[in-house]
Enquirer: 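Take a look at the following structure, please.
Proteins get letters first, then strands, A, B, ... in listed order; numbering begins at 1 in each.
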Amino acid sequence: MSRYNVRENEAKWQSAWADRNSFAVSADPARPKYFVLEMFPYPSGRIHMGHVRNYTIGDVIARYKRAKGFNVLHPMGWDAFGLPAENAALERKVHPGKWTYENIATMRGQLQSMGLAIDWNREIATCRPEYYRHEQKMFLDFLKAGLAYRKESWVNWDPVDNTVLANEQVVDGRGWRTGALVEKRKLSQWFLKITHFADDLLSALATLDRWPEKVRIMQENWIGKSTGLRFRFQLTAPAGVTPNVFPGEPEVEVFTTRPDTLFGASFVGISPNHPIALALAEKNPAVAEFIADCNRVGTSEEAIETAEKKGFDTGITAEHPFVPGWNLPVYIANFVLMEYGTGAIFGCPAHDQRDLDFARKYGLKVTPVVVPEGEDPATFDVGTEAYTGPGLLRNSQFLDGMDVEAAKQAAGERIEAMGRGQRTTIFRLRDWGVSRQRYWGCPIPVIHCPSCGLVHVPEDQLPVTLPDDVTFDQPGNPLDRHPTWKHVNCPTCGTAAVRETDTFDTFIESSWYFLRFASPRVEGQAFNREEAAYWLPVDQYIGGIEHAVLHLLYARFWTRALSHVGYTDLKEPFEGLFTQGMVTHATYQDAEGKWLLPSDVDVVDGKSVEREGGGPVTVGPIIKMSKSKKNVVDPAHIIDTYGADAARLFMLSDSPPDRDLEWTEAGIDGAWRFINRLWRLVTEPSVALPPAGTPIPAELSPLATDARRMVHKTVAAIGEDLERFRFNKAVARIRELSNALEKLDAKAGADAQNIQEGDAAVLREGLEVLVRLIGPMMPHLAEELWSVLGHDTLLVDSVWPVADEALATEDTATVAVQVNGKLRATLHLPKDIAKEEAEALALAEPNVQRALEGKPVRKVIVVPNRVINVVV
RNA sequence: GCCCGCUUGGCGGAAUUGGUAGACGCAAGGGACUUAAAAUCCCUCGCCCUUACGGGCGUGCCGGUUCGAUCCCGGCAGCGGGCACCA
């Protein structure tokens, strides 16, 4: 019995594809295109199992679509800027660029060992000037179009990495990489106007019908559209507080989604960072202290957990817009955010939980104005829980008796008629802060001139490249410290000026790389317009759910911004999106609680022990593979041992691709076993196979008939499975088919001297089909078997099999016979047999008769080819 | 707190979306081959009763609709994910 020689064959076929440039493509308007893209990797050092899963899924789709006749673009690149390179520079005294390029070389080799059908001629690395020069140009174009601007603003400052973080990079008040408590700092920053497209980014989600619902909902919530009313309260400052506390008119503008509850108002709350609060702070140390207090706890974890409402009564009063003389106290309130709405609210405690907490604490009036159905308007009251549901208005003058929606409209109209405000829409989405105080990123192409101010780097001076001679021995930005780099003459007036030393957020590179793949070698422009028009949008994008908001939203924005400044007509970059699950593994700890690698653990007599020394091991929960918990398995080692095909097969088997996949030794063993089984099935048939295309006689043995039907059924089913990302089911069907062919082969072997005409021909056809079906999943094995079957062309150049529907359908149906819904017998009936006949046969079954217990049959339900249910 | 999703054998998961629950695989047990092991092959494998034929129960829990519910509806519980003082 032979074993499949993995190393030899995988290397052989990888070279064969490379030598023939099998996966190189070019735009060809005469052919239908298909762009398969997996989220490109960050070159961290070595590939991990998450990569293997991601690229296996993409490769199956790419190879399948290719076999189906599409012109398939399947490229690979490197998301090569980022902090880890600088951390490596710090720890190992190696230049971030050198570290990055070495990692790319390693990981390229590892990816190539997976046998991916990638057009490597299109490989890009975003840290190369020939890539990032284009995004410098794009940025300048955005700047001219008003889509980029500079603003002094509070930023999230990560004290460990010494850098600014985007809102999206702050998780629970901590830096997403370092986990350090984020501080607030005020810096001059570059922003991209993603809010300009807020409405479109939101409404176009509805067109993304090949995106997971979950991702669309997450983006929807992130964009956070609210419709409501924006209006002004007239303010009065009490004696002792001079009127000039007001930066402008003595008024404050608030935003509300509940104008219907205006008559339930009991206070006005302004943010600690509201201009009025800041103006008060200058006169009043107590206010200044209160504000400082609020800012200190700002985003910290405790603040979010305790969420205590705190307020400072300013003494200022606000006059109710509908009731002259009704004055509400104005508080500085810690729960009012300056960044959302107008930074000021009116509080209606009865119908908003935060307002209620606040009112109870400060003894403010609570007046319910919306009465739920079934409650008595005269007595309805709220306790500690605000009522936010529907109902009818009361205590609200002209709104009395209306429902909530009508009252919202009426109140809004009244305010508008009074000229005090207007109904409006606001978004939670904030503009994207893109400045980073880091070295290993794309330089921002502007110059600060003392006389001209902000000057764009002229296009003929692009790219602004990073200097190589930098040091990482002190915290802060090496670009800023560099002795000469930032000092330049102003391109406009020639006087001494300073370069911007911030670099771009690395999410910018990944916001347009898919466009660069259309024409990765074109110079002088980011991409060739025609080629981009042919290849884009990406037909199928595949990656982790962790990018549901950040990367995917930025890429959608960037694409719109590029269209806005005329680069392309593309609107949505990714037509189909698939988010794969994580690769998980059990965790192991030794007696001291130290994490152990799976490869350091052995199982002896059902117990886990340390491989070295045999110490006891605690087996922990099955969680995402991570270096910190050491529950990682190195793909390179697996590919070395079992081959890429086995690793790929395991990635596709058992777990649906959108769910988590537990990596196990037994699982990869199982995959390896199956590969050898396929190998033996094709290379060691027990009868001589007739040549390919040998006609199959009409009369076949029952076993051959069944096998042949299975072949055609499987072709149809697997096509469907692959289209719908049901790889686990596709693998199950491959196994069923190979089981059926093994059975046929064994039969042919047993009867070798008296072989039924056609059995061998059916086996031949089945093997031909089987090998083509496994092509996308196990490409090396498939290629080898294709050659064993006598083909002198490459499998990757052959077409996908076509199912013969007539051969796939059965002429009998297995019908369940139930009595009162309980299964009592199964019948094999000719397909589409007359109902009466089926009924009679069912009732004739002894077991059915027994179950009837002589009772009269009330009715019989016959579902053709499925079920007969006898009801008594 | 709000918004999503999930819950099926010892395990991963199937079930043509209202029609035979448990495909396919993993693990386990038994057997064959072998001096032995590995590899390979065969058999068993939801739970309970029964020598067998067969019967009862069973898709997180409670209820409903239906001839028939893993699937639809109402309620509850548990697990996971996202957002989080968003007015």
Enquirer: Which residue lies toward the 5' end of RNA chain B, A:Pro656 or A:Thr257, if each is placed at its nearest nucleotide?
Expert: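 Going by which nucleotide is closer to the 5' end, it is A:Pro656.
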
Enquirer: How close or far is atom P of B:rG25 from atom CD of A:Glu736, stated in whole angstroms?
Expert: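 In whole Å, B:rG25 P lies 8 Å from A:Glu736 CD.
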
Enquirer: Can you say whether a donor on the side chain of A:Arg866 sits under 3.5 Å from an acceptor on the base of B:rU16, or the other way round?
Expert: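 Side chain to base: pair present.
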
Enquirer: Just label B:rU7 as syn or anti from its O4'-C1'-N9-C4 or O4'-C1'-N1-C2 angle, using within 90° of 0 for syn.
Expert: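 Here the answer is anti: the torsion falls beyond 90° from 0.
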
Enquirer: Taking atom types as modelled, is there a side-chain donor on A:Gln219 or A:Arg556 under 3.5 Å from an acceptor on the other?
Expert: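 Per modelled atom types, A:Gln219 and A:Arg556 side chains form a pair under 3.5 Å.
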
Enquirer: For the pair made of CG in A:Leu681 and P in B:rU40, what is the distance, rounded to whole Å?
Expert: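 Computing the A:Leu681:CG to B:rU40:P distance gives 15 Å.
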
Enquirer: Please state whether the base of B:rC85 and the side chain of A:Lys309 form at least one donor-acceptor pair under 3.5 Å?
Expert: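 Answer yes: a donor N or O sits under 3.5 Å from an acceptor.
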
Enquirer: Considering only B:rC41, B:rC24, B:rA87, which nucleotide approaches the side chain of A:Tyr340 most closely?
Expert: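 Shortest atom-to-atom distance from the side chain points to B:rA87.
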
Enquirer: Could you tell me whether A:Thr664 contacts a base, only the sugar-phosphate backbone, or nothing, with contacts defined as non-hydrogen atoms closer than 4.0 Å?
Expert: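 Counting heavy atoms under 4.0 Å across all strands, no contact is made by A:Thr664.
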
Enquirer: Kindly point out which of B:rG82, B:rU20, B:rA87 is positioned nearest to the side chain of A:Met218?
Expert: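 Per side-chain heavy atoms of A:Met218, the pick is B:rG82.
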
Enquirer: I'd like to know if A:Glu810 and A:Lys713 make a salt bridge, using a cut-off of under 4.0 Å between side-chain N and carboxylate O.
Expert: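 Yes.
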
Enquirer: Angle between ring planes, A:Trp672 versus A:Tyr642, binned at 30° and 60°: parallel, tilted or perpendicular?
Expert: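 Perpendicular.
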
Enquirer: From the options B:rG54, B:rG56, B:rG25, select the nucleotide whose nearest atom is closest to the side chain of A:Arg735.
Expert: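 Minimum distance to the A:Arg735 side chain belongs to B:rG25.
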
Enquirer: Expressed as a whole number of angstroms, how long is the span from A:Ile668:CD1 to B:rC26:C1'?
Expert: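 After rounding, the gap between these two atoms is 13 Å.
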
